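This report refers to the structure that appears directly beneath it.
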Amino acid sequence: MTRPIHIEPGGCRRVSVSIRAFAKINLTLDVIARRPDGYHDLRMVMQPLALHDEVLLTRQDRLTIETDDPTLPQGEGNLAYRAAEVLAQAVGHPLGASVIIQKHIPVAAGLAGGSADAAAVLQGLNRLYGLGFGPERLAALALRLGSDVPFCLLNRTALAEGRGERLTLLPAAPRVPVVVATPHLSWSGPKTATVFRHFRTEAVDRRPDLRAMIAALSERDTAGVASHMLNVLEPVAISMHPVVAELKRAMLGEGAIGAAMTGAGPTIVAIAPSPAGRERIAHAARRFTDMVVETEFLV
Ligand code: C5P
């Protein structure tokens with residue numbers, strides 16, 4: 001979604017574009033098999049949230065990336081910088097821009113914030129420079145940046161397979177009020193790699209019912225969507241950090257009609273029965289963490 005904020009007088013060359021980079025959650029996440037390249041094949045129902053970062057791109061000679069979150073790498077260490085480099089490589093010349101990222105999506109939370117910002121940079125530079133890259137070419141570049149980045153270009157309810165790059169559109173979810181709550185945890189190594197390393201197929205006792213989830217989406221059945229949310233990585237994260245289960249229990253205890261961890265965690269996403277119910281659930285989650293956001297599905 002883009003909003004041109006300034007058009008040069010007398011011409012149609014954009015000097016700035018502002019892009020909203022939406023968070024994503026997993027309604028379901030299943031691990032299918034370990035691959036020879038060390039990754040796992042996944043099958044996931046993915047849903048964008050209204051929660052988003054703002055990415056403002058302005059033409060200039062050099063490429064610079066700044067964010068208002070001091071814990072994130074500014075400049076070259078940021079995935080958004082790599083996104084600009086990958087696109088510049090594909091066109092064969094540098095694409096200078098000032099990129100300013102206003103963060104609202106919790107970081108390292110399983111909400112694909114970094115991937116969303118990178119996707120926004122691909123889209124933003126494509127428009128700023130009138131490159132004319134279509135969705136497929138952008139998606140191929142996006143995959144070089146990370147498994148979630150192609151989905152972040154799409155921003156619609158979808159089935160994601162492979163590492164997350166094989167996308168099939170699904171019926172759009174209803175506009176459901178949700179709470180996302182991210183406990184502050186420390187991991188023994190990089191979070192996603194650690195969670196996958198501890199995953200054991202033989203330990204999985206419940207897998208997502210994909211058919212039931214898709215049927216619930218088709219019928220716009222919020223209670224059905226909520227009751228079929230399931231992530232096979234959740235028990236792995238809970239075994240390392242039991243507070244994730246306590247947080248989930250507290251949100252369900254306050255009236256959430258469904259809740260599950262997203263991605264490799266540790267964020268719990270809870271579906272609220274109403275906007276008023278969402279407030280109560282958020283209040284309960286704040287006993288565990290200050291990273292609690294009240295939002296809704298992006299439709
Ligand atoms: O996608 P990303 O590079 O952040 O993943 C970090 C690590 O998590 C990978 O190196 C791999 O060990 C593990 N992973 C996996 N299967 C996936 C995604 C990540 O095994 N689909």
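One is the number of the first residue; the rest follow in order along the sequence. These numbers were taken from a predicted model, which means no experiment stands behind them. For ligands, and for the atoms within them, numbers begin at 1 and follow the listed sequence.
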remark   = Any heavy atom of F196 under 4.0 Å from ligand 1? The part involved is side chain
ask   = From atom 4 (O) of ligand 1, is the closest protein heavy-atom distance below 4.0 Å?
value = no
request  = State whether E76 and R82 are salt-bridged, where the test is any N-O pair (Lys NZ or Arg NE/NH1/NH2 against Asp/Glu carboxylate O) under 4.0 Å.
outcome  = no
note = CE (M44) and CG (L210) are apart, to the nearest 0.5 Å, by 12.0 Å
message = Can you confirm whether H228 sits close enough to V45 that some side-chain heavy atom of one is under 4.5 Å from a side-chain heavy atom of the other?
response = no
request  = Note the single closest protein heavy atom to atom 20 (O) of ligand 1, along with its residue, its atom name and the distance in Å.
outcome  = H40 ND1, 2.7 Å
ask   = Which residue supplies the protein heavy atom nearest to atom 1 (O) of ligand 1, what is that atom called, and how far is it?
value = Y39 CE2, 3.8 Å
message = Within ligand 1, which atoms have a heavy atom of A193 less than 4.0 Å away?
response = 7 (C), 8 (O)
message = Can you confirm whether I101 sits close enough to I65 that some side-chain heavy atom of one is under 4.5 Å from a side-chain heavy atom of the other?
response = yes
key: Partners meeting side chain to side chain contact (heavy atoms under 4.5 Å, CB included) with A226 (sequence neighbours left out)   = I257, I271
message = In this structure, does ligand 1 have an atom that sits under 4.0 Å from one of the heavy atoms of G38?
response = yes
ask   = Which pairs count as side chain to side chain donor-acceptor pair (under 3.5 Å) when at least one residue sits in residues 96-121, sequence neighbours excluded?
value = D53-K103, K103-D117
ask   = For R163, is at least one N or O under 3.5 Å away from an N or O on ligand 1?
value = no
request  = Below 4.0 angstrom from a heavy atom of L42, which ligand 1 atoms are there? Numbered from 1 as shown, please.
outcome  = 21 (N)
